[in-house]
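Because the structure is predicted, anything quoted here is derived from the model rather than measured. Just so you know, ligand 1 is whichever comes first in the structure, and atom 1 is the first atom listed for that ligand.
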Amino acid sequence: MDKNNELHKKRSKSYEGGGAERLQRQHQQGKLSARERIAVLMDESSFHEIGGFVEHRATAFGLDKQKIPGDGVVSGYGTIHGRLVYVFSQDFTVLGGSLSETHAAKICRIMDMALKNGAPLIGLNDSGGARIQEGVVSLAGYADIFYRNTRASGVIPQLSVIMGPCAGGAVYSPALTDFVFMVEDTSYMFVTGPNVVKTVTHEEVSSEDLGGAKTHAEKSGVNHFTSGNDVECLKNVRDLMSYLPQNAEEEAPYPSTYSFNAKKEAAIAEILPDNSSIPYDIRKVIDCVIDDDSFREVHKDFATNIVVGFARIEGRTIGVVANQPASLAGVLDIDSSRKGARFVRFCDSFNIPLLVFEDVPGFLPGTDQEWRGIITHGAKLLYAFSEATVPRITVITRKAYGGAFDVMNSKSIGSDLNFAWPSAEIAVMGAKGAAEIIFKREIANSDDPQKKWLEKEAEYAELFANPYRAAERGIVDEVIFPSETRGRVISGFKMLENKNESLPRKKHGNIPL
Ligand code: HXC
């Protein structure tokens, strides 16, 4: 009995973490504790802890008197929607959730198990970074994690949830994972904090402005999903998990029920404005093609000229990539190319078919883009589509101009099926610019250059601002009515269900980074 009591005592000591006072402080900041977070994230009573009694071995700076079983991280496995996942949750009440040698070893242990057993890894981060008193061993601990993150990339889904500070090298593990979730007002990420920034660059900036959820969602693109509080965030993680497979060898879960409001098949025809210069929201088109309420937008506030996210078609997970005419006319630039490429590569790694909606006037011109390397960054999207072996379907709703036409999952770079709506305009460039270049002399020598230009513009538009030249050449497979889109996409993905394509044998490609 005494032995049982000892275990009870040790367990409660481990569960107490840094004690009631620190826990209260955590709650006052609107944050849940490490264990409360796990309880919200996982299926009820499904979590099993591993390493609850692990303690650090450091002695310097009085650390030998500050030993808390578990050492600031709760780790183990359990289920989400009945499927196995591995999780670690840093406990800020224990030495600020700082990463010691043993804390890192606990994380590595479950990372190794996740990889070996082919199940996703979810990290709940709330930490002051490397445990300062430990020095280099904690730095090595981070490196052990980064190494495993990289080795596991493309093998199992890895999700990072930032629920408190995440500073210094601690940001690199999340950056190596597939998706980053952040919580408004309580989480932030930066390589160096506001004080260092002030010393080095003399800029005064708050933690929130430097690396809060909004900053990383809109400016840097580090943050894929923003939530209002811990509970909402963890529920969003659960929701995303329902779209993802367990590992690269498996298919995404396939819910047996889905709904689709048939009225949307007719409504889709009303979305595009008559005038092709007027913007519309591509999300309305997406919504009319996929199962009801199934779109989960990724990177919603970053590079809004491209829309990416997960959806379902007759219950099956697909990845959607779409130009967004409602933002910068849907032009491709550096950030939208990076955003699209990263998403395409995730889907391809994890057997998620790709559906592309195309309405793109071209690449964004200008010195800013050229000098910052639009050539290299645009090539990322081209590369990502070109190497993707999952089933791929493109629907051209309106503009498909220039190099951007090639990039957006064209047939020549391996798309399996390409459809165009009657409103599609597929050409090297817009009619106005084209007329100016190819009829330059004729326009200049004319009595009324403006009239001539308009005439030539109309001539070019008549010839190319339609899908039929491309259809005649088989560059698009079929011109379809908008109302036929869902049906064609469903039958297309069914037809491609057993697609089996592999890349030429190689160690790995050299994506233009
Ligand atoms: C040890 C730490 C710690 C750390 C916080 N604590 N960070 N202990 N190592 N890195 C402890 C504090 O001493 C305190 O202990 C408790 O955690 C809570 O910290 P507070 O400062 O009271 O909390 P708060 O005011 O909320 O501020 C949180 C914070 C701040 C912003 C994270 O603690 C902070 O700036 N910490 C240091 C961040 C940092 O520079 N880390 C190293 C990054 S370099 P008590 O006992 O009072 O509760 C790095 C290199 C990795 O990580 C490189 C890998 C390649």
Side-chain angles (χ1 to χ4, degrees), residues 13 16-34 55-74 88-108 111 123-150 160-177 182-200 205-213 215-216 222 230:
K13 175 95 177 111
E16 267 169 26
E21 211 173 288
R22 291 191 181 91
L23 178 61
Q24 194 185 9
R25 190 163 167 232
Q26 179 95 345
H27 284 159
Q28 276 164 354
Q29 291 175 337
K31 290 158 65 178
L32 296 178
S33 73
E55 291 180 356
H56 69 75
R57 295 185 280 268
T59 53
F61 303 105
L63 271 188
D64 49 340
K65 295 184 190 65
Q66 291 186 70
K67 291 197 179 201
I68 309 272
D71 202 27
V73 61
V74 183
F88 69 85
S89 178
Q90 292 179 313
D91 183 351
F92 192 78
T93 70
V94 178
L95 294 159
S98 56
L99 188 124
S100 67
E101 182 186 19
T102 43
H103 178 128
K106 282 181 68 175
I107 293 176
C108 289
M111 293 178 86
L124 311 183
N125 297 265
D126 189 357
S127 166
R131 190 166 299 165
I132 295 164
Q133 300 91 323
E134 281 205 6
V136 71
V137 288
S138 76
L139 294 187
Y142 267 124
D144 287 335
I145 295 171
F146 303 155
Y147 178 74
R148 283 166 175 77
N149 283 133
T150 308
S160 294
V161 192
I162 315 300
M163 311 193 88
C166 192
V171 296
Y172 284 109
S173 171
L176 290 166
T177 62
M182 290 185 79
V183 182
E184 274 168 2
D185 303 325
T186 51
S187 69
Y188 47 90
M189 302 173 78
F190 33 66
V191 173
T192 52
N195 291 339
V196 178
V197 170
K198 193 173 169 194
T199 311
V200 178
V205 64
S206 66
S207 294
E208 193 58 35
D209 282 348
L210 184 63
T215 296
H216 283 309
V222 168
D230 280 14

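Remark: V161 pairs with I122, L124, M163, F181, C233, V237 by the side-chain contact (heavy atoms from CB on, under 4.5 Å) rule, at least two apart or across chains. Every residue two or more places apart in sequence or in another chain that forms a side-chain contact (heavy atoms from CB on, under 4.5 Å) with D209 is listed here: V205, S206.
Under a cut-off of 6.0 angstrom, the local environment of NZ in K198 is sparse, with at most 12 non-hydrogen atoms contributed by other residues, nucleotides or ligands. Atom CD of Q28 has more than 12 neighbouring heavy atoms from other residues, nucleotides or ligands inside a 6.0 Å radius.
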Pair up each side-chain donor or acceptor in residues 127-141 with any protein partner under 3.5 Å, not counting sequence neighbours, and list the distances.
from	atom 1	to	atom 2	distance (Å)
S127	OG	G97	O	2.7
S127	OG	G129	N	3.0
R131	NE	S98	OG	2.9
R131	NH1	D71	OD1	2.9
R131	NH2	D71	OD1	3.2
R131	NH2	S98	O	3.1
E134	OE1	E101	N	2.9
S138	OG	G135	O	3.0

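Protein residues with a heavy atom closer than 4.0 Å to ligand 1 are R22, R25, F92, L95, G96, S98, G128, G129, A130, R131, I132, Q133, L139, Y142, F146, P165, A167, G169, Y188, listed by chain and number.
At least one cation-pi condition fails for K106 and F88: the charged atom is not both under 6.0 angstrom from the six-membered ring centre and inside a 45 degree cone around its axis.
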